[in-house]
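Structure, as structure tokens:
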Amino acid sequence: MNLELSEEQEAARQLAEDFVAREITPHAVAWDRAESVDKSIVKKLGDLGFLGLTVPEEYGGSGGDHLAYCLVTEELGRGDSSVRGIVSVSLGLVAKTIASWGSEEQKRQWLPGLTAGEAVGCFGLTEPGTGSDAGNLTTKAVRDGDHYVINGSKMFITNGTWADVVLLFARTGDAPGHRGVSAFLVPADSPGLTRRTIHGKLGLRGQATAELVLEDVRVPAATLLGPEGKGFSIAMSALAKGRMSVAAGCVGIAQAALDAAVRYAGEREQFGKSIASYQLVQELISDISVDVDAARMLTWRVADLVDRGKDFATAASTAKLFASEAAVRAANNALQVFGGYGYIDEYPVGKLVRDARVMTLYEGTSQIQKLIIGRALTGVSAF
Ligand SMILES: Cc1cc2nc3c(=O)[nH]c(=O)nc-3n(C[C@H](O)[C@H](O)[C@H](O)COP(=O)(O)OP(=O)(O)OC[C@H]3O[C@@H](n4cnc5c(N)ncnc54)[C@H](O)[C@@H]3O)c2cc1C
């Protein structure tokens with residue numbers, strides 16, 4: 001793997017860095033306090049092509065490779081994980097899954113809007129009773145002529161109240177566990193679908209996280225995505241690439257922690273000297289730096305495998321596991337460098353700690369990533 005970025009990759013990264021400085025950083029604290037980013041950011045992301053990266057141009061995408069996608073995702077995560085998450089879900093989990101599994105009609109119906117930022121997608125897998133054990137979900141879709149009637153509920157759905165389309169996973173047959181699960185593209189304005197914003201999150205406060213309730217939601221059979229009974233495979237293939245995107249966002253958090261810690265250590269004086277001159281402070285900073293480098297390399301390796309058409313699922317779990325734990329460590333170390341000032345939200349590191357914390361939980365907890373890696377190495381499944 002060549003670690004030197006191509007001109008196109010560097011241009012995409014620079015575009016994202018400039019966008020973050022102009023459109024995100026000045027507002028991040030206010031959005032965090034208001035528990036909502038400004039929704040107009042979605043269209044701006046679409047206008048720059050960030051919501052169409054790696055999606056074929058014929059469906060409105062901006063093409064590009066997966067390393068460019070990771071570079072942009074890292075920069076967005078460096079600016080605000082709430083904004084990064086909008087892209088990771090609407091593009092990474094929804095649009096790319098439609099591009100991979102959708103019929104021509106489904107691609108034409110949804111992709112141009114999603115990639116332009118005129119529509120938003122959300123990914124409805126988790127339920128109140130099934131998180132890690134997603135294969136045992138209980139939402140039901142029952143065939144009724146040329147329709148399905150869906151009943152159930154979904155929990156913690158990113159973009160949930162903003163979405164125009166829900167990539168929804170529901171049980172269609174009597175087959176037990178993951179074999180009976182199918183995927184649907186449910187229009188979010190379908191009668192019987194209600195959405196409730198979840199308030200009071202520790203971090204990602206700017207993001208629209210919701211609970212969805214489906215009561216007799218009637219959708220045409222043509223909303224089925226991929227073959228009936230293949231829903232769990234579709235969800236897992238989406239999440240494998242999704243983990244690369246989360247890992248890239250975590251590199252962004254860790255890099256932001258490093259930037260902030262180095263800057264502050266150089267400005268702050270105690271005992272008549274810059275705190276940067278104290279070796280114990282340098283240790284905190286060098287620990288963050290090692291985490292940034294290692295997490296970034298693991299993430300780039302996934303992008304390289306994806307772009308070369310190789311198996312990447314275990315590498316994606318490895319990157320997600322390490323980068324999410326590294327982001328938590330890095331943000332925490334940066335807060336230590338800031339002392340008491342790190343504890344108030346006029347300074348950036350408290351938000352980094354809160355935003356980082358969810359990364360070891362969603363798209364598969366750290367424990368679940370270890371089980372996936374363990375299964376790949378031993379051939380024995382713990383699930
Ligand atoms: C802010 C936020 C956004 C989210 N966005 C989405 C979204 O857009 N779409 C979506 O579908 N979901 C989303 N989720 C849900 C997320 O993916 C789940 O929270 C996650 O999968 C964990 O499920 P759970 O919370 O039910 O925890 P549980 O599965 O109940 O886990 C609780 C604990 O038990 C451990 N555990 C569980 N099973 C095992 C096992 N077999 N071995 C060892 N340990 C185990 C876990 O690691 C964890 O420590 C989001 C969650 C949050 C907080």
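Contact detail for A323 and A247: the closest heavy-atom pair is CB-O, 3.7 Å. The shortest heavy-atom contact between A260 and P348 is CB-CG, 4.1 Å. The two residues C70 and A303 come nearest to each other via the heavy atoms SG-CB, 4.1 Å. Contact between L305 and D311 at its shortest, heavy atoms only, is CD1-O, 3.7 Å. What you find for I98 and L225 is that their closest heavy atoms are CA-CD1, 4.4 Å. Here the shortest heavy-atom pairing between I275 and V337 reads CD1-O, 3.7 Å.
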**Request:** Begin with the C-alpha distance, continue with both residues' side-chain angles, and end with the deciding distance and a verdict on side-chain contact (heavy atoms from CB on, under 4.5 Å) for L114 and L51.
**Result:** CA-CA 7 Å; L114 289 171; L51 285 163; over 6 Å; no
**Asked** Which is it for S132 and T365 under the side-chain contact (heavy atoms from CB on, under 4.5 Å) test, yes or no, and what are the steps along the way?
**Response** CA-CA 7 Å; S132 301; T365 64; 4.2 Å; yes
**Asked** When you look at S277 and F271, which way does the side-chain contact (heavy atoms from CB on, under 4.5 Å) test go after all the steps?
**Response** CA-CA 11 Å; S277 66; F271 303 97; over 6 Å; no
**Item:** D259/R263 under salt bridge (charged side-chain N to carboxylate O under 4.0 Å, His left out): CA gap, chis, key distance, verdict
**Value:** CA-CA 6 Å; D259 297 343; R263 199 168 46 242; 5.8 Å; no
**Request:** List the steps, then state whether side-chain contact (heavy atoms from CB on, under 4.5 Å) holds for W300 with M1.
**Result:** CA-CA 9 Å; W300 286 17; M1 181 185 177; 3.5 Å; yes
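Put simply, the side chain of V302 does not reach to within 4.5 Å of the side chain of H66, judged on heavy atoms. Looking at T73 and R84, their side chains come closer than 4.5 Å, going by heavy atoms from C-beta outward. You'll find the side chain of F184 reaches within 4.5 Å of the side chain of T172, heavy atoms only. Counting only heavy atoms from C-beta outward, the side chains of T115 and Y59 never approach each other to under 4.5 Å. Side-chain contact between K273 and Y278: present, with at least one pair of heavy atoms (C-beta onward) separated by less than 4.5 Å. No side-chain heavy atom of T158 sits less than 4.5 Å from a side-chain heavy atom of L204. Within the 4.5 Å cutoff, the side chain of M359 has heavy atoms near those of the I253 side chain. Taking 4.5 Å as the limit, every side-chain heavy atom of L335 sits out of range of all side-chain heavy atoms of Y347.
Surrounding CD of Q279 are at most 12 heavy atoms belonging to other residues, nucleotides or ligands under 6.0 Å away. Annotation for L280: atom CG does not count as buried by contact number, only 12 or fewer foreign heavy atoms lying within 6.0 Å. Other residues, nucleotides and ligands contribute over 12 non-hydrogen atoms within 6.0 Å of the CD atom of E17. Shown here is K230, whose NZ atom has no more than 12 heavy atoms of other residues, nucleotides or ligands within 6.0 Å.
Under a hydrophobic clustering in which Ile, Leu, Val, Met, Phe, Trp and Tyr are joined whenever their side-chain heavy atoms come within less than 4.5 Å, directly or via other members, L48 and L91 fall into the same cluster. In terms of hydrophobic clustering, with Ile, Leu, Val, Met, Phe, Trp and Tyr side chains grouped at heavy-atom distances under 4.5 Å, V165 and L167 are assigned to a common cluster. At a threshold of 4.5 Å between side-chain heavy atoms, the hydrophobic network of Ile, Leu, Val, Met, Phe, Trp and Tyr places V219 and L125 in two separate groups. Under the 4.5 Å side-chain heavy-atom criterion for grouping Ile, Leu, Val, Met, Phe, Trp and Tyr, W162 is not connected to V213 through any hydrophobic cluster. A continuous path of ILVMFWY side-chain contacts below 4.5 Å connects V89 to I41, so both sit in one hydrophobic cluster.
Residues forming a salt bridge (Lys or Arg N to Asp or Glu O under 4.0 Å) with E269 (at least two apart in sequence, or on another chain): none.
In this structure, K241 contributes its side chain and V306 its backbone to no donor-acceptor pair below 3.5 Å. Side chain of E35 to backbone of G200: a donor-acceptor contact under 3.5 angstrom is found. Here the side chain of T25 pairs a donor or acceptor atom with the backbone of V20 at under 3.5 angstrom. Here the side chain of N151 pairs a donor or acceptor atom with the backbone of D216 at under 3.5 angstrom. Counting only distance, with no hydrogens or angles, the side chain of Q369 and the backbone of G364 share a donor-acceptor pair below 3.5 Å. Side-chain atoms of Q106 come within 3.5 Å of backbone N or O of L224 as a donor-acceptor pair. Counting only distance, with no hydrogens or angles, the side chain of T223 and the backbone of P220 share a donor-acceptor pair below 3.5 Å. Judged by distance alone, with hydrogens and angles left aside, the side-chain atoms of S274 form a donor-acceptor pair with the main-chain N or O of A265 at under 3.5 Å. One N or O on the side chain of R195 and one on the backbone of G160 form a donor-acceptor pair closer than 3.5 Å. When atom types are taken as modelled, the side chain of N159 and the backbone of G121 share a donor-acceptor pair closer than 3.5 angstrom.
Of the residues R354, K351, R205, R33, the one that meets the salt bridge (Lys or Arg N to Asp or Glu O under 4.0 Å) test with D345 is R33.
Between F338 and Y264, the ring planes lie parallel to each other; the angle is under 30°, not in the 30° to 60° tilted range.
Taking 4.0 Å as the cut-off between side-chain N and carboxylate O, E104 and R108 count as a salt-bridged pair. A salt bridge does not link E363 to R243: none of the charged nitrogens lies less than 4.0 Å from a carboxylate oxygen.
Annotation: cation-pi geometry satisfied between K96 and Y69 (NZ/CZ under 6.0 angstrom from ring centroid, within 45° of ring axis). The side-chain tip of R329 points at the ring of F322 from less than 6.0 angstrom away and within 45° of straight on.
D18 and Q14 form a side-chain donor-acceptor contact under 3.5 Å, judged by distance and modelled atom types alone. Side chains of E127 and T139: a donor-acceptor N/O pair is present below 3.5 angstrom, by distance only. Between the side chains of T360 and R357, at least one donor N or O sits under 3.5 Å from an acceptor N or O.
Atoms CG and OG1, from L137 and T126 in turn, are 9.5 Å apart once rounded to the nearest 0.5 Å. Note: I86 CD1 to S81 OG = 11.0 Å, rounded to the nearest 0.5 Å.
Side-chain rings of F123 and F169 approach one another, their centers coming within less than 6.0 Å. Taking the ring centroids of F156 and Y362, they lie at or beyond the 6.0 Å cut-off.
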For residues 283-290, please give each side-chain donor-acceptor pair under 3.5 Å, one per line with the distance, not counting sequence neighbours.
| residue | atom | partner | partner atom | Å |
| --- | --- | --- | --- | --- |
| S286 | OG | Q282 | O | 3.3 |
| S286 | OG | E283 | O | 3.1 |

